[in-house]
Amino acid sequence: MGFVNARRARYSDIQQLDSPYHDPDYQGNGAIPVWFLEHSGVYQGQKIKGFDVFDIFDNVFTHVKLLFDGGYYIVVMDEENESAAEISGPYFETASEDNNDL
């Protein structure tokens, strides 16, 4: 799912939202990836409890795992375009993942 930074279109039923990148209320603590998740079509209303940045060797995108009780979402941020390049999930953890019984 891609996002475009734009203002609300006139004479349209489609709502387009401004990116929170330069809003001081959204700085730090994974707030920008959470904002993109909450405004996406895949979000199912879980309370996000934390985040983890992974795949740190990717020089183009920032991969963020947003954690909730029992699972997670993945948000891939495109920092150059100040947008989310991909949002996927929810992924639910199984008992074998929690206990490392593979």
Side-chain angles (χ1 to χ4, degrees):
M1 171 181 287
F3 282 88
V4 176
N5 302 329
R7 300 212 179 267
R8 186 181 303 269
R10 291 183 182 216
Y11 312 111
S12 175
D13 292 337
I14 299 172
Q15 182 177 358
Q16 297 178 342
L17 303 170
D18 285 333
S19 166
Y21 263 81
H22 303 290
D23 186 335
D25 294 336
Y26 289 96
Q27 301 306 312
N29 300 321
I32 291 175
V34 170
W35 184 90
F36 278 102
L37 171 66
E38 290 175 344
H39 290 87
S40 74
V42 300
Y43 182 56
Q44 297 180 2
Q46 297 93 339
K47 179 168 175 50
I48 302 301
K49 303 276 185 172
F51 71 98
D52 185 25
V53 178
F54 65 100
D55 198 9
I56 58 174
F57 300 109
D58 187 336
N59 295 330
V60 178
F61 299 105
T62 303
H63 297 75
V64 181
K65 183 186 283 189
L66 298 175
L67 309 166
F68 61 87
D69 285 339
Y72 59 93
Y73 288 91
I74 294 176
V75 179
V76 180
M77 301 300 299
D78 183 341
E79 303 296 341
E80 183 177 321
N81 292 326
E82 297 182 347
S83 65
E86 180 182 334
I87 299 175
S88 59
Y91 300 105
F92 295 96
E93 297 172 348
T94 63
S96 63
E97 289 174 343
D98 292 338
N99 296 326
N100 295 322
D101 296 335
L102 297 177

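Using a 4.5 Å heavy-atom threshold, the side chains of E82 and M77 count as separate.
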Exercise for review: Please assess E86 against I74 for the test side chain to side chain contact (heavy atoms under 4.5 Å, CB included), listing each intermediate value before the final yes or no.
Suggested key: CA-CA 8 Å; E86 180 182 334; I74 294 176; 5.8 Å; no

Practice item. Test K65 against Y91 for side chain to side chain contact (heavy atoms under 4.5 Å, CB included), laying out the working first. Key: CA-CA 10 Å; K65 183 186 283 189; Y91 300 105; over 6 Å; no

Practice item. Run the numbers on I48 and L67 for side chain to side chain contact (heavy atoms under 4.5 Å, CB included), then give the verdict. Key: CA-CA 6 Å; I48 302 301; L67 309 166; 5.8 Å; no

**Study point:** Steps toward side chain to side chain contact (heavy atoms under 4.5 Å, CB included) verdict (T62, V53)
**Key:** CA-CA 7 Å; T62 303; V53 178; 4.1 Å; yes

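Heavy atoms from other residues, nucleotides or ligands lying under 6.0 Å from CD of Q44 number more than 12.
The two residues S83 and F36 make their nearest non-hydrogen contact at CA-CZ, 3.8 Å. For the residue pair I87 and S40, the shortest heavy atom distance occurs at CD1-CB, 3.8 Å. A pairwise comparison of heavy atoms in P33 and V64 identifies CG-CG2, 4.1 Å as the closest pair. Scanning all heavy atoms of the two residues, the minimum distance from P20 to W35 falls at CD-CE3, 3.4 Å.
Side-chain contact of Y21 with E79: a donor-acceptor pair under 3.5 Å is present, judged by distance alone.
Side chain of D78 to backbone of E80: a donor-acceptor contact under 3.5 angstrom is found.
Between Y43 and Y73, the ring planes are tilted. Angles from 30° to 60° get that label. The aromatic rings of H63 and F54 lie tilted to each other, with the angle between the two planes from 30° to 60°.
Annotation: the span from I32 atom CD1 to D25 atom CG amounts to 11.0 Å, rounded to 0.5 Å.
The residue from V75, D55, V76 that alone fulfils the side-chain contact (heavy atoms from CB on, under 4.5 Å) condition with F61 is V76.
Applying the side chain to side chain donor-acceptor pair (under 3.5 Å) test to D23 and every residue at least two apart in sequence or in another chain returns nothing.
Judged by the 6.0 Å distance and 45° axis criteria, K49 is not positioned over the aromatic ring of F68.
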